[in-house]
There are 2 protein chains.
Amino acid sequence: MTLGMIDKTHRKELTPSRGRPLSKAGKGEVNRGEQFAATALDLFAERNFASVTIKDIAKEIGVNTALIYYYYKSKEDLFRAAIEFAIHQAFKNFSNLQARHENPVDVINNWLDNHVQLYAPIYKFVKVSLDYSGSETKIPIIDQQIRQFYDEEKRILSKCIGRGIQQGQFVACDPDALALFISTYLDGVMVRGVILNDFDLNQAVWALRQQIWAKLFGGNQVGEKSGLMTANI
Amino acid sequence: MTLGMIDKTHRKELTPSRGRPLSKAGKGEVNRGEQFAATALDLFAERNFASVTIKDIAKEIGVNTALIYYYYKSKEDLFRAAIEFAIHQAFKNFSNLQARHENPVDVINNWLDNHVQLYAPIYKFVKVSLDYSGSETKIPIIDQQIRQFYDEEKRILSKCIGRGIQQGQFVACDPDALALFISTYLDGVMVRGVILNDFDLNQAVWALRQQIWAKLFGGNQVGEKSGLMTANI
DNA sequence: GTCTATAGAATGATAGAC
DNA sequence: GTCTATCATTCTATAGAC
């Protein structure tokens, strides 16, 4: 019921037994350990730590309850692995974007597109983080990784805003502040998307686009810049 | 563990027995029923439906577990009451603001101040709504009230933005879209405030202020309007 | 109204066979 | 590695005394 401090797992680089095929793989997991973590993440994000039972997870995969305890020390340990999996997934998208040295406008547009297209994984991360923040015991590594995720998000956005300003492409402003603004708004989008099931994700992100370009191009008339604005949509 | 459809309670206008004083009242509850709902809301918001036990709630108030079942049919029924309580609380602030016919700038500034000062109750509402949205069974009344809350928020903001435009005070824009934008961002602020415990609430709301006035006054230079902007902070 | 006592169900976790 | 069987615990909910 409460999360305890558990660090050690006997989860190594496990390879699924050749004899029995994975019944419900297909999310990119390589081994059973990861499969459990991925499946647990789905369920924990959909509901939460307390209301998802070990039985639920085992059932979802089609194995016995006891098998989970072969890979993980406890339910909490599995939860920890699920969060780590979520963070790992989220970071993957980050590095993809960071790698390309496109012009600032494209990077920001890509970023926003990411949040629309990758709604599910990002939402899972936010939801599980929220769940974790309400739990009693804290796991230093998880805390650190969550913070790192948001810092990284801010860093990437801030950097490319700064570059745009330097290049004279954008109106001068505080890149850090704007980056945080964007990132905070996107969290709001994630939450709204769940609370109100008819929430228009596309429109919400579109509204953010308008705001950003209005600010960075220094006018309220955004139509004139629509060539840039609608790129990559 | 899962929320069922429960409608009927024997919770009437209950008055606490004179013989025994309420041990831990002081949140504005009038009767035991409300006291349970208010306390349950606190705990459900802090953690969630599944991880808060009937025992926790009873303990918090200092009464016996069985007493809860005198006022509520089940744990789910208490949860329903807790959400209703949260919505009721949130609406109270709304009507206060709506009542006064101040100028649009003041109304918006007040609105933002509200979200800083009333962080706790608003957060509780968002958190519990999120929890509810993840539950299996839906209660029509709750769904309706949550939606009504957000609609009302949008309506109030939209109305005063529209009035500002009509009066020639604001630059023309889509009032509905801007209202939704503000409201979505504020949800993001709520969530961030919990996930990252060192999140600067004031700065986040301040950033929104800047965006809003930049848009409504039609320039990026907001300093000139600072007389209006910093009103009611 | 509030408490004591307890039934009944579900859950996390372990031992041990295959 | 995976399963069966089971224990210990915890939790919701009820019955009934005061």
Side-chain angles (χ1 to χ4, degrees), chain A residues 1-4 6 8-25 29-36 40 43-44 47-80 135-136, chain B residues 1-4 6 8-25 29-36 39-40 43-44 47-80 136:
Chain A
M1 177 187 37
T2 71
L3 298 173
I6 284 163
K8 197 187 62 182
T9 326
H10 47 267
R11 182 174 60 112
K12 316 142 211 164
E13 289 302 320
L14 294 157
T15 326
S17 88
R18 294 178 192 275
R20 308 187 187 208
L22 300 181
S23 32
K24 271 202 180 180
E29 319 93 8
V30 208
N31 44 228
R32 265 273 139 89
E34 260 192 26
Q35 188 188 19
F36 279 128
L43 296 180
F44 285 145
R47 311 221 284 281
N48 54 56
F49 179 76
S51 54
V52 174
T53 67
I54 290 289
K55 207 173 174 178
D56 290 335
I57 298 165
K59 199 175 179 181
E60 179 74 19
I61 297 183
V63 296
N64 192 274
T65 320
L67 189 57
I68 292 178
Y69 292 93
Y70 177 78
Y71 291 93
Y72 297 96
K73 275 188 78 169
S74 63
K75 192 187 173 189
E76 299 167 9
D77 191 33
L78 178 57
F79 183 72
R80 194 223 64 231
S135 75
E136 305 234 319
Chain B
M1 177 187 37
T2 71
L3 299 173
I6 286 163
K8 197 186 62 182
T9 324
H10 46 268
R11 183 173 60 113
K12 316 141 209 162
E13 291 302 320
L14 294 158
T15 325
S17 87
R18 293 180 194 274
R20 309 189 187 207
L22 300 181
S23 35
K24 271 199 180 183
E29 319 91 8
V30 207
N31 45 228
R32 264 273 138 90
E34 260 192 28
Q35 188 187 21
F36 280 129
T39 306
L43 296 180
F44 284 146
R47 312 221 283 281
N48 55 56
F49 178 76
S51 54
V52 174
T53 68
I54 291 289
K55 208 174 174 179
D56 290 334
I57 299 164
K59 199 175 177 182
E60 179 74 18
I61 297 183
V63 296
N64 193 274
T65 319
L67 189 57
I68 292 178
Y69 291 93
Y70 177 79
Y71 291 93
Y72 296 98
K73 274 187 78 168
S74 63
K75 191 187 172 188
E76 300 168 8
D77 190 33
L78 178 56
F79 183 71
R80 194 224 64 231
E136 305 233 319

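Because the structure is predicted, anything quoted here is derived from the model rather than measured. In the text below, chain A, chain B and the rest are named by the order of the sequence lines, each starting its count at 1.
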With under 30° as parallel and over 60° as perpendicular, where do the rings of A/Phe49 and A/Phe44 fit, or are they tilted in between? tilted

Does A/Asn64 reach the main-chain N or O of A/Leu67 with its side chain, forming a donor-acceptor pair under 3.5 Å? no

The nucleotide from C/dT2, C/dT4, D/dT2 with an atom nearest the side chain of A/Tyr71 is D/dT2

Tell me: CD1 of B/Ile68 to P of D/dC11, nearest whole Å? 13 Å

Is any side-chain N or O of B/Tyr70 closer than 4.0 Å to OP1 or OP2 of C/dT2? no

From D/dT12, C/dT14, C/dT2, pick the nucleotide closest to the side chain of B/Tyr69? D/dT12

Using modelled atom types and a 3.5 Å cut-off, is there a donor and acceptor pairing between side-chain atoms of A/Tyr69 and backbone atoms of A/Lys75? no

Which nucleotide in C/dG1, D/dC11, C/dG12 has an atom nearest any side-chain atom of A/Thr53: C/dG12

Separation of D/dT12 C1' from B/Phe49 CZ (nearest whole Å): 10 Å

Using atom NZ of B/Lys59 as one end and atom C1' of C/dC3 as the other, report the distance to the nearest whole Å. 17 Å

Could you tell me the separation between the CD atom of A/Glu76 and the P atom of C/dT11, rounded to a whole number of Å? 17 Å

Among the nucleotides D/dT14, D/dT2, C/dT14, whichever has the atom closest to the side chain of A/Ala66 is C/dT14

note: A/Lys55, atom NZ; C/dA13, atom P; distance rounded to Å ~ 15 Å

Shortest side-chain distance from B/Ile54, nucleotide among D/dC3, C/dT4, D/dT12: D/dT12

Starting at CG of A/Asp56 and ending at P of C/dA10, how long is that distance when rounded to a whole Å? 13 Å

If you only use heavy atoms from C-beta on, which nucleotide in D/dC3, C/dA13, D/dT14 is closest to the side chain of A/Leu67? D/dC3

Whole angstrom value for the distance that separates C1' of C/dT2 from CG of B/Asn31: 16 Å

Calculate the interatomic distance between A/Ile61 atom CD1 and D/dC3 atom C1'; express it in whole Å. 15 Å

Got B/Tyr71 and B/Leu78 here, is their nearest side-chain heavy-atom distance under 4.5 Å? no

Are B/Arg80 and B/Asp77 close enough for a salt bridge, meaning some N to O gap below 4.0 Å? yes

Looking at the side chain of A/Lys75, which of C/dG12, D/dT4, C/dT4 is the nearest nucleotide? C/dG12

